[in-house]
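Note that the structure is a prediction, hence the values are computed from the model and not measured.
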Amino acid sequence: MTASASRVRMGILALISCATMLNYLDRSVLGVAKPALTAELDISPAVMGLIFSAFSWTYALAQVPGGYVLDRFGTKLTYGFSLALWSIATALHGFASGVAGLLASRLALGLAESPCFPANSRVLASWFPQGERARANSVYAVGQYVGLGLLIPVLGWIVGTWGWRSLFWLVGGIGVVFAGIWFLAYREPLDSKANAAELDHIRAGGGLSTGTAPPFSWSMLGRLMRKRQVLGASIGQFCGNSTLVFFLTWFPSYLADERGMDFLKSGWAAALPYLAASVGVLVGGQLSDWLIRRTGSATLGRKLPIIVGLLLTSTMVAANFTDSNDMVIAIMSLAFFGQGMVNLGWTLITDVAPKEAVGVTGGLFSLCANLAGIVTPLVIGFTVDATGSFYAALAYIAALGLVGALAYVVVVGPVVRVTLD
């Protein structure tokens with residue numbers, strides 16, 4: 001790339017980074033509002049669990065249709081309307097007067113958020129050459145971890161100051177405004193202000209065109225899953241995402257109930273693994289692109305950091321064998337650091353997806369990953385209820401880390417772009 005090349009793609013990266021942070025913020029605020037909300041609406045823990053899980057059902061099931069809509073109508077329209085709709089769904093939580101309203105809002109939120117990560121993959125495929133995609137992925141992905149780790153105290157302050165309903169209205173309102181910014185600012189590379197040197201740089205690395213979407217059929221999904229790269233990466237992402245789901249749902253309860261840590265100490269300690277995961281995202285992206293530059297091998301550059309990350313998630317089981325709470329936090333931070341590296345799977349799926357079906361492939365990949373949001377809380381809840389401890393639950397998460405690493409070693413094969421043939 002010549003010295004005169006523009007860097008418009010960095011502005012595009014800033015757009016999807018903000019959108020991704022809002023995506024995770026909107027799905028997380030219910031947990032912050034929960035104590036005040038359940039007290040006012042008199043909702044039992046069991047019913048609240050159902051409300052929490054509703055998001056994952058619609059989010060997971062809408063991944064493939066959302067991916068097809070993305071391929072059919074393009075990134076700008078799909079992402080923009082998704083942003084606006086999920087922000088409205090978030091705001092609607094604040095008007096709920098009971099379980100039905102909350103459940104409907106949660107289902108709508110999962111449905112509206114479904115195109116986000118397939119759209120991010122499509123943006124990377126069109127705007128970034130292969131040698132920059134992992135770092136770009138790490139930049140937008142790190143927001144989901146930093147947001148969860150650092151913004152929760154701020155959100156708690158908002159609830160305490162203005163009430164739980166105001167939290168949904170504020171966060172939803174911010175999202176609606178940002179949707180307008182998205183429509184004004186986002187452009188595809190050839191329609192943007194990127195100069196010829198930047199476009200040549202992107203094109204040389206396999207970017208720019210994402211192809212014309214073929215008519216959708218269920219057989220297309222079958223053809224994609226028969227590609228070892230898509231199948232293996234989907235298995236690996238399910239396994240890695242199970243660690244993320246543990247930290248989003250059961251980790252605070254594990255600290256309080258299993259380790260006997262008081263609420264304040266648990267609150268601060270719970271932030272440390274999220275920060276470690278943020279570092280893992282950045283390390284994984286930097287290491288991946290560095291390996292590709294040094295070796296010229298996308299297979300080594302993409303797979304090695306993910307395999308290392310999955311193996312690190314399996315270290316979680318070591319927490320079963322220590323009485324030190326400080327050591328538990330260190331072990332959990334290492335495991336979540338590894339999960340952050342596994343986020344690189346989104347870059348890998350961008351590299352291997354057929355040009356004309358990046359959205360559908362990303363949707364299928366995301367569906368497999370987000371099945372963990374349904375399965376993992378149920379498995380952990382059952383084992384804890386049956387055994388009275390988290391021993392088997394941590395062993396389950398650790399075992400999935402090993403299964404995911406094995407999938408990348410044995411199933412994925414070379415990291416090359418596949419076709420629908």
Side-chain angles (χ1 to χ4, degrees), residues 8-30 32-33 54-55 58-59 62-63 65-96 101-102 104-127 136-137 139-144 146-148 151 154-155 158 165-189 191-193 210 346 358-359 362-363 366 370:
V8 175
R9 64 192 183 282
M10 298 306 164
I12 298 298
L13 180 58
L15 276 177
I16 64 172
S17 297
C18 292
T20 303
M21 181 174 289
L22 284 171
N23 182 281
Y24 265 78
L25 181 62
D26 284 25
R27 71 178 72 176
S28 302
V29 291
L30 181 60
V32 179
F55 171 89
T58 52
Y59 184 80
Q63 289 300 306
Y68 177 72
V69 169
L70 175 65
D71 285 333
R72 178 68 178 83
F73 295 102
T75 304
K76 182 174 182 176
L77 286 177
T78 304
Y79 214 147
F81 280 112
S82 176
L83 260 166
L85 291 173
W86 92 52
S87 300
I88 292 170
T90 299
L92 288 176
H93 286 67
F95 293 99
L102 287 171
S105 299
R106 202 67 180 164
L107 290 168
L109 180 63
L111 183 66
E113 283 199 356
S114 61
C116 177
F117 278 85
N120 286 346
S121 289
R122 201 172 196 270
V123 171
L124 291 189
S126 59
W127 267 101
N137 174 78
V139 169
Y140 79 70
V142 76
Q144 69 194 50
V146 171
L148 291 172
L151 291 181
V154 177
L155 302 177
I158 293 173
R165 295 181 186 276
S166 66
L167 180 62
F168 292 106
W169 296 335
L170 176 62
V171 174
I174 291 172
V176 170
V177 171
F178 188 76
I181 295 172
W182 172 270
F183 279 117
L184 291 173
Y186 184 79
R187 298 288 186 276
E188 295 296 338
D191 299 324
S192 72
K193 294 182 179 180
T210 53
W346 276 103
V358 174
S366 188
N370 285 286

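The shortest non-hydrogen separation linking L167 to V29 is CD2-O, 3.9 Å. Pairing each heavy atom of Y79 with each of A119, the nearest pair is CD1-CB, 3.4 Å. What you find for L102 and H93 is that their closest heavy atoms are CD2-O, 4.0 Å. Here the closest heavy-atom approach between residue R165 and residue A96 is recorded as NH1-O, 2.8 Å.
Listed by chain and residue number, F73, T78 satisfy the side chain to side chain contact (heavy atoms under 4.5 Å, CB included) test with V69 (two or more places apart in sequence, or in another chain). Applying the side chain to side chain donor-acceptor pair (under 3.5 Å) rule to W346 yields no partners; only residues at least two apart in sequence or on another chain are considered. Scored by the salt bridge (Lys or Arg N to Asp or Glu O under 4.0 Å) test, R27 finds E113 as partners (sequence neighbours excluded). Not counting sequence neighbours, the partners of T20 by the side chain to side chain donor-acceptor pair (under 3.5 Å) test are N120. Partners of L15 by side chain to side chain contact (heavy atoms under 4.5 Å, CB included), not counting sequence neighbours, listed by chain and number: I12, F178, I181, W182, A185, Y186. Evaluation of the side chain to side chain contact (heavy atoms under 4.5 Å, CB included) rule for V139 yields L13, S17 as partners, not counting sequence neighbours. Scanning for side chain to side chain donor-acceptor pair (under 3.5 Å) contacts around D26 gives W86, T90, with sequence neighbours left out. The side chain to side chain contact (heavy atoms under 4.5 Å, CB included) test applied to A62 returns L111, S114, not counting sequence neighbours.
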- Message: F95 vs F168, test: side-chain contact (heavy atoms from CB on, under 4.5 Å). Steps then yes/no.
- Response: CA-CA 9 Å; F95 293 99; F168 292 106; over 6 Å; no
- Message: Before you tell me yes or no, could you show the steps for V8 and W127 under side-chain contact (heavy atoms from CB on, under 4.5 Å), namely the whole-Å CA-CA distance, both residues' side-chain angles and the distance that decides it to 0.1 Å?
- Response: CA-CA 9 Å; V8 175; W127 267 101; 3.7 Å; yes
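The backbone N or O of R187 sits nowhere less than 3.5 Å from a side-chain atom of D191 that would complete a donor-acceptor pair. At least one donor-acceptor pair closer than 3.5 Å links the side chain of K76 to the backbone N or O of F183.
Distance check, rounded to the nearest 0.5 Å: SG of C18 to CG of L25 gives 12.0 Å.
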